[in-house]
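Down below is the structure, laid out as structure tokens.
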Amino acid sequence: MFSYFIEAARVLLANRTRSILTIIGLVVGVATIISVQVAAQGMAGAVNGIFKGTNANTFIVFPKERQGNNVRAALTLSDLALVQQSVPGVVSVIPFSQLRTMVDAGHKRVRLRFGGESDKRFSTSPLVAGRTLNADDIAAASAVCVISDNAFSRLFPDATSPSDVLGRSVYVGSKRYVIVGVQGKAKLDTAALGLDVSSDVAIPYTTYYNTYQRGSSFFAISVLGAQGANLTSLETQTQKVLSQAHGAQYQYFDFGFIAKTVGGFFSIIGLIVGAVGAISLVVAGIGIMNIMLVSVTERTREIGVRKAIGARSSQVLLQFFVESLLLSAFGCLTGMLIGVGLGVIVNKGFIARISGVTGGIPWLEVIVIAVGFATLVTLVFGTYPAYRAAKLDPIEALRYE
């Protein structure tokens with residue numbers, strides 16, 4: 001069997017220019033499909049990383065845009081207690097309140113995310129110094145805050161440890177907040193695509209309301225469900241409670257919804273790119289069949305000699321089948337390497353920069369695609385030329401000029 005591969009390689013190398021031109025379409029098709037697979041893996045990791053700093057049981061509820069009375073749909077402070085008391089499984093409800101503003105600490109002044117937080121943590125970033133906000137902070141609307149790792153590194157670049165900044169103050173405008181806790185880096189950067197919903201400087205939501213929102217309605221509320229609670233059930237019940245209370249319509253979303261939406265978008269792109277890749281593969285397969293037919297024609301006398309000295313039709317069939325297999329295997333292998341390379345470049349050069357996430361390479365999918373296409377192209381487009389060569393009449397073949 002090994003001799004068949006040696007002979008096939010010799011024939012293909014003797015016509016290397018023609019062989020390379022033949023498999024270009026196969027390389028392009030496989031590389032396109034695989035690079036999209038690798039990039040999609042990275043994007044999936046980025047989508048998960050976007051919201052990883054927020055508890056997975058969190059969802060946001062807000063009024064629908066188009067309804068008869070938008071004033072009636074406005075959310076107020078009383079709605080927080082209403083939802084928490086009426087919907088079993090809800091741990092905490094706070095106004096969805098956050099803004100990007102200038103924060104001062106000593107001589108440092110930087111723009112950070114600033115918002116209200118509950119004593120039941122919506123954020124999942126680990127605490128590395130001090131404490132979190134507690135029930136007393138919420139009840140007294142205290143002027144305290146917990147800062148993120150991003151805020152710590154930017155506001156206090158000279159601090160040797162997070163503990164050094166406990167008790168120090170930050171200012172938002174003229175308002176002073178004492179630092180009682182510092183959060184560490186999350187496993188994945190939550191600043192992905194600018195959609196992070198956790199705050200760099202988190203103060204009690206009651207303090208935020210009294211200082212910045214008193215007398216005004218909320219754009220939305222953030223709801224935190226209990227661990228293991230059915231999130232879909234909590235969402236629909238919360239929507240129902242608010243609709244009955246206000247006689248208005250509400251909508252909600254959680255971070256899984258966004259992930260599904262983005263995933264669906266990339267699925268459509270994958271289908272489109274896959275269709276383009278499939279066309280390239282068909283063209284490449286036709287090219288391989290064409291070159292094999294040309295090879296059969298050019299080697300008609302050789303086939304006649306082989307058959308005349310005792311070669312069986314099955315041996316001739318196998319010889320040409322191996323040649324088409326080598327062509328398709330080389331094209332698919334080259335396409336696989338190029339596709340993985342392009343996918344890695346997109347992941348590390350683009351996706352990772354905006355999301356802080358580098359997705360792994362789906363090697364199993366990549367290998368299955370490469371091997372599958374190599375086999376398919378060989379079987380579909382390599383069989384006929386090999387069959388035609390095997391069926392040549394040795395007498396007629398010897399007479400061929």
Side-chain angles (χ1 to χ4, degrees), residues 49-55 57-58 60 77 80 91-192 194-214 218 221-222 224 356:
I50 289 173
F51 300 110
K52 73 89 201 63
T54 302
N55 195 302
N57 286 342
T58 299
I60 296 172
L77 202 61
L80 306 182
V91 173
S92 183
V93 187
I94 63 175
F96 181 74
S97 51
Q98 188 182 89
L99 54 88
R100 291 187 69 88
T101 187
M102 301 306 297
V103 179
D104 298 280
H107 299 294
K108 286 291 181 180
R109 182 178 174 85
V110 296
R111 184 176 294 277
L112 297 170
R113 296 184 302 275
F114 173 70
E117 174 68 287
S118 168
D119 57 319
K120 305 296 190 297
R121 297 184 68 207
F122 282 70
S123 172
T124 59
S125 299
L127 189 72
V128 294
R131 64 175 178 84
T132 61
L133 300 177
N134 57 37
D136 291 337
D137 296 326
I138 304 300
S142 302
V144 295
C145 68
V146 175
I147 64 173
S148 69
D149 177 78
N150 178 51
F152 167 70
S153 60
R154 296 179 65 187
L155 290 172
F156 306 100
D158 299 327
T160 57
S161 74
S163 300
D164 294 343
V165 304
L166 296 178
R168 296 173 68 173
S169 301
V170 298
Y171 291 83
V172 178
S174 61
K175 300 298 181 180
R176 172 177 173 266
Y177 300 98
V178 178
I179 300 172
V180 297
V182 180
Q183 294 178 335
K185 274 190 176 181
K187 292 180 181 179
L188 301 173
D189 184 3
T190 58
L195 294 175
D196 184 16
V197 294
S198 60
S199 299
D200 289 313
V201 179
I203 64 174
Y205 77 86
T206 49
T207 308
Y208 192 99
Y209 175 80
N210 291 339
T211 307
Y212 305 100
Q213 291 181 303
R214 180 177 289 277
F218 313 139
I221 59 174
S222 296
L224 176 63

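All values below were derived from every heavy atom in this structure, side-chain atoms included, with hydrogens, water molecules and symmetry-related copies excluded.
Minimum interatomic distance between Leu133 and Val144 (heavy atoms only, all atoms of both residues): CD2-CG2, 3.9 Å. Closest non-hydrogen pair, Gly116 versus Tyr208, comes out as N-CD1, 3.7 Å. Taking both residues in full, the closest heavy atoms of Val170 and Cys145 are given as CG2-SG, 3.8 Å, listed atom of the first, atom of the second, then distance. Taking both residues in full, the closest heavy atoms of Ala159 and Val165 are given as CB-CG1, 4.0 Å, listed atom of the first, atom of the second, then distance.
Side-chain contact check for Ile94 versus Ile221: every heavy-atom pair is 4.5 Å or farther apart. You'll find the side chain of Arg113 stays beyond 4.5 Å of the side chain of Val201, heavy atoms only. Two residues are said to be in side-chain contact when any heavy atoms from C-beta on lie closer than 4.5 Å; Gln213 and Pro95 meet this criterion. In this structure, the side chains of Leu155 and Asp200 stay at 4.5 Å or more apart for every pair of heavy atoms.
A donor-acceptor pair under 3.5 Å is absent between the side-chain atoms of Ser148 and the main chain of Gln183, judged by distance alone. Remark: the backbone N or O of Thr207 is paired with a side-chain donor or acceptor of Thr211 at under 3.5 angstrom.
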Before you tell me yes or no, could you show the steps for Phe152 and Ile179 under side chain to side chain contact (heavy atoms under 4.5 Å, CB included), namely the whole-Å CA-CA distance, both residues' side-chain angles and the distance that decides it to 0.1 Å? CA-CA 10 Å; Phe152 167 70; Ile179 300 172; over 6 Å; no

Given Ile147 and Phe156, is the side chain to side chain contact (heavy atoms under 4.5 Å, CB included) satisfied, shown in steps? CA-CA 11 Å; Ile147 64 173; Phe156 306 100; 4.1 Å; yes

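Scanning for side-chain contact (heavy atoms from CB on, under 4.5 Å) contacts around Thr101 gives Leu99, Val103, Phe114, Val172, with sequence neighbours left out. Every residue two or more places apart in sequence or in another chain that forms a side-chain contact (heavy atoms from CB on, under 4.5 Å) with Ala140 is listed here: Ser142. Residues that satisfy the side-chain contact (heavy atoms from CB on, under 4.5 Å) test with Ala129, not counting sequence neighbours, are Pro162, Ser163, Leu166, Val182. Residues satisfying the side-chain hydrogen bond (donor to acceptor under 3.5 Å, both in side chains) test with Asn210, not counting sequence neighbours, are Arg214.
Among residues at least two apart or in separate chains, salt bridge (Lys or Arg N to Asp or Glu O under 4.0 Å) pairs with a member in residues 93-108 are Asp104-Arg109. Residues in residues 166-175 take part in these side chain to side chain donor-acceptor pair (under 3.5 Å) pairs, two or more places apart or across chains: Ser169-Arg176.
Using a 4.0 Å cut-off between a side-chain N of Lys or Arg and a carboxylate O of Asp or Glu, Asp119 and Arg131 do not qualify as a salt bridge.
The CD1 atom of Ile138 lies 6.0 Å from the OH atom of Tyr205; values are rounded to the nearest 0.5 Å. In this structure, CD on Glu117 lies 8.5 Å from OG1 on Thr132, to the nearest 0.5 angstrom.
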